[in-house]
Amino acid sequence: MSWYARRVTLPAITPLVLQKRVIKVYSEDDTSRALEVPNDIPARDVCQLLILKHHYIDDNSWTLFEHLPHLGLERTIEDHEMVIEIQSSWGMEESRFYFRKNFAKYDFFENPLTYFPTRMVSFTNEVPEAMTPTETLKEPRYLQFFSEFNNADVYLLLSVKQTHGAPTKYGFCLKHNKAGGTGDVKLLCADDEESRTCWVTAIRVFKYGMQLHQNYLRPLQTKSEPSSHNVSPTRSSSENSLVAMDFSGKRSRVIENPSEALSVAVQEGLLWRRKSCTRLNAHGIPPSPPISTTSIAIHISQPWFHHRISRDEAQRLISQQGLVDGVFLLRDSQSNPKHFVLSLCHGKKIKHFQIVVLDDDGERLYTLDDGHTRFTDLIQLVEFYQLNKGALPCKLKHHCSRTTF
């Protein structure tokens with residue numbers, strides 16, 4: 001009997017961690033983008049990938065969200081969480097990843113008293129004063145098992161009253177992260193937004209501990225370390241050789257006085273605004289006939305301006321991007337089409353300030369304090385209140401912009 005050996009070449013085996021999967025990420029206008037990513041990619045790297053692809057400014061606020069429309073739930077995905085693991089836990093129902101800003105993601109590290117007021121973290125009045133914290137934990141009538149944080153994620157409830165019949169609109173829940181049924185959802189309800197924010201933030205801190213602090217520090221440390229990927233903050237030699245010039249006279253001259261150079265720059269900026277009155281707006285439509293040459297709607301192209309959105313839509317956009325003091329947007333007034341509205345977050349509440357357009361001897365001016373402070377355009381108004389609180393409860397800090405793919 002003869003035996004013959006044949007060499008068999010087996011196909012290459014790719015380790016599981018190196019295999020790639022496709023995820024779909026949605027923007028705020030419900031446009032989507034498919035990305036091919038490795039199995040071990042965290043949410044932080046997905047955000048960085050989208051920032052690079054769309055040339056967004058990285059201000060450490062970009063965030064991935066898990067959206068479960070069939071349950072009316074949404075949550076912030078922590079930067080270190082593995083995206084493919086989250087996607088693998090989804091059932092047959094439609095679930096989505098959303099990409100947008102979240103200014104409140106790590107704001108509690110910078111403003112802890114805003115998220116954990118003394119009155120909210122002190123002992124409840126129901127506990128006898130004579131009882132120590134240890135004795136309270138041993139007393140059965142003060143204890144009730146509700147859920148394990150290690151195996152659950154905290155979500156905000158969307159359309160709380162309509163979908164879940166909650167007594168207030170400030171609902172949140174704990175949902176088991178390995179199941180998709182409603183039976184694994186523990187519903188809770190707070191009296192106000194401040195209480196809900198306190199609870200949700202406390203659960204995040206309790207569950208992830210120091211990992212959240214490391215996530216918060218990571219981009220700060222990356223920027224401080226020299227790297228080939230980081231843009232150097234120093235100016236190039238060609239930039240350092242630039243000087244301010246005055247071409248208004250018969251002969252050009254170098255402006256050596258820094259104060260004079262700044263004054264000239266400001267005057268040129270105002271002149272550019274006046275000359276831009278013949279330009280079209282962002283929709284390619286000529287603006288309404290101006291009262292004067294300085295009244296052009298150059299604010300249309302600004303990321304903080306939202307054309308013809310409602311009051312409810314403005315509140316929804318600001319709420320989605322984080323109820324942090326100073327988050328704002330400008331929009332057209334619904335009650336008076338000739339005026340505008342500044343929507344601003346302060347103290348976990350969204351307030352609306354009417355911007356009135358005045359006619360001063362044929363010149364259009366803008367004001368939100370009954371004419372005490374007047375501006376030639378909305379850009380000047382926004383720049384002023386970014387530096388000065390004025391009649392507002394706080395300065396304008398983060399503009400609320402709508403992302404699109």
Side-chain angles (χ1 to χ4, degrees), residues 13-28 32-54 56 58-71 73-102 104-106 108-109 147-156 172-181 184-186 200-222 229 320 322 403 405:
I13 301 176
T14 304
L16 184 61
V17 295
L18 299 181
Q19 292 180 2
K20 291 190 175 183
R21 299 273 294 274
V22 175
I23 63 172
K24 183 181 285 189
V25 182
Y26 288 82
S27 64
E28 286 172 313
S32 63
R33 178 166 190 142
L35 299 174
E36 187 180 32
V37 297
N39 277 351
D40 59 345
I41 188 170
R44 171 182 55 248
D45 291 348
V46 173
C47 291
Q48 289 297 316
L49 183 62
L50 291 169
I51 290 171
L52 292 174
K53 284 183 177 294
H54 296 279
Y56 294 139
D58 186 8
D59 57 0
N60 304 326
S61 63
W62 293 103
T63 308
L64 273 188
F65 291 82
E66 183 185 11
H67 184 75
L68 309 177
H70 60 289
L71 297 177
L73 306 179
E74 186 175 271
R75 76 175 179 99
T76 297
I77 300 177
E78 305 297 349
D79 286 342
H80 65 276
E81 290 188 79
M82 299 301 170
V83 176
I84 300 302
E85 288 185 8
I86 298 173
Q87 183 174 266
S88 300
S89 67
W90 293 347
M92 298 299 294
E93 300 85 358
E94 181 185 5
S95 302
R96 291 182 174 186
F97 291 123
Y98 272 92
F99 174 70
R100 62 174 179 263
K101 290 192 173 186
N102 181 14
K105 181 165 59 173
Y106 298 127
F108 62 91
F109 285 119
S147 178
E148 290 185 1
F149 292 156
N150 291 336
N151 298 322
D153 296 312
V154 58
Y155 293 78
L156 297 183
F172 63 102
C173 75
L174 291 166
K175 175 184 169 297
H176 199 280
N177 52 28
K178 297 299 181 183
D184 296 292
V185 177
K186 308 293 185 181
V200 171
T201 306
I203 292 172
R204 289 177 59 206
V205 173
F206 182 86
K207 180 177 180 179
Y208 295 110
M210 288 298 298
Q211 181 65 57
L212 286 186
H213 193 245
Q214 294 173 7
N215 294 347
Y216 165 68
L217 293 178
R218 177 163 180 166
L220 304 178
Q221 295 171 344
T222 303
H229 300 288
Q320 284 184 338
T403 58
F405 291 152

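Note that the structure is a prediction, hence the values are computed from the model and not measured.
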Peer 1: Are any of the side-chain heavy atoms of Phe99 and Ser27 separated by less than 4.5 Å?
Peer 2: no
Peer 1: Rounded to the nearest 0.5 Å, what separates atom OH in Tyr216 from atom CE in Met210?
Peer 2: 12.5 Å
Peer 1: Charged N to carboxylate O below 4.0 Å: is that the case for Glu66 and Lys175?
Peer 2: no
Peer 1: Kindly indicate, with the supporting measurements, whether the criterion side chain to side chain contact (heavy atoms under 4.5 Å, CB included) is fulfilled by Lys101 and Asp59.
Peer 2: CA-CA 9 Å; Lys101 290 192 173 186; Asp59 57 0; 2.9 Å; yes
Peer 1: For the residue pair Asn39 and Lys20, establish whether any side-chain heavy-atom pair is separated by less than 4.5 Å.
Peer 2: no
Peer 1: Among side-chain atoms of His80 and Asn215, is any donor-acceptor pair under 3.5 angstrom?
Peer 2: yes
Peer 1: Side chains of Leu156 and Leu73: closer than 4.5 Å at any heavy-atom pair?
Peer 2: no
Peer 1: Please report the interatomic distance CD(Glu85) to CG(Asp40), rounded to the nearest 0.5 Å.
Peer 2: 9.5 Å
Peer 1: Can you name the nearest heavy-atom pair linking Arg21 to Ile84, along with the distance?
Peer 2: NH1-CG2, 3.5 Å
Peer 1: Please report, to 0.1 Å, the donor-acceptor pairs under 3.5 Å made by any side chain of residues 41-54, with sequence neighbours excluded.
Peer 2:
{"from": "Gln48", "atom 1": "NE2", "to": "Asp58", "atom 2": "OD2", "distance (Å)": "3.1"}
{"from": "His54", "atom 1": "NE2", "to": "Arg33", "atom 2": "NH1", "distance (Å)": "3.4"}

Peer 1: Can you spot which of Gln214, Gln211, Lys105 makes a side chain to side chain donor-acceptor pair (under 3.5 Å) with Asp79?
Peer 2: Lys105
Peer 1: Could you tell me whether Arg75 sits above the aromatic face of Phe65, with NZ or CZ closer than 6.0 angstrom to the six-membered ring centre and within 45 degrees of the axis?
Peer 2: no
Peer 1: How long is the straight-line distance from CG of Leu64 back to CD1 of Ile86, given to the nearest 0.5 Å?
Peer 2: 8.0 Å
Peer 1: Would you indicate whether the side-chain heavy atoms of His213 and Phe109 approach each other to under 4.5 Å?
Peer 2: yes
Peer 1: Dump the intermediate steps for side chain to side chain contact (heavy atoms under 4.5 Å, CB included) on Val83 and Val37, then the final yes or no.
Peer 2: CA-CA 9 Å; Val83 176; Val37 297; 5.8 Å; no
Peer 1: Search all heavy atoms of Leu212 against all heavy atoms of Tyr106 and return the closest pair with its distance.
Peer 2: O-CE2, 3.9 Å
Peer 1: Is any side-chain heavy atom of Lys186 closer than 4.5 Å to one of Cys173?
Peer 2: no
Peer 1: Is it true that the side chains of Tyr98 and Arg96 contain a donor and an acceptor less than 3.5 Å apart?
Peer 2: yes
Peer 1: Between Lys207 and Ala152 (side chain of the first, backbone of the second, donor and acceptor by atom type, cut-off under 3.5 Å), is there such a pair?
Peer 2: yes
Peer 1: Can you tell me how far apart CD1 (Ile203) and CZ (Phe149) are? Round to the nearest 0.5 Å.
Peer 2: 4.5 Å
Peer 1: Tell me, with the steps shown, if Phe97 and His67 meet side chain to side chain contact (heavy atoms under 4.5 Å, CB included).
Peer 2: CA-CA 6 Å; Phe97 291 123; His67 184 75; over 6 Å; no
Peer 1: Evaluate the side-chain proximity of Thr403 to Trp62: yes if any heavy-atom separation is below 4.5 Å, no if none is.
Peer 2: yes
Peer 1: Looking at Pro69 and Ser95, what are the two nearest heavy atoms and their distance?
Peer 2: CD-CA, 4.2 Å
Peer 1: Contact between Ile23 and Gln87 at the side-chain level, heavy atoms closer than 4.5 Å - yes or no?
Peer 2: yes
Peer 1: Any salt bridge between Glu74 and Arg100, counting N to O under 4.0 Å?
Peer 2: yes
Peer 1: Are Leu35 and Val25 close enough that some pair of their side-chain heavy atoms sits under 4.5 Å apart?
Peer 2: yes
Peer 1: Could you give the distance from CZ (Arg204) to OG1 (Thr76), rounded to the nearest 0.5 Å?
Peer 2: 6.0 Å
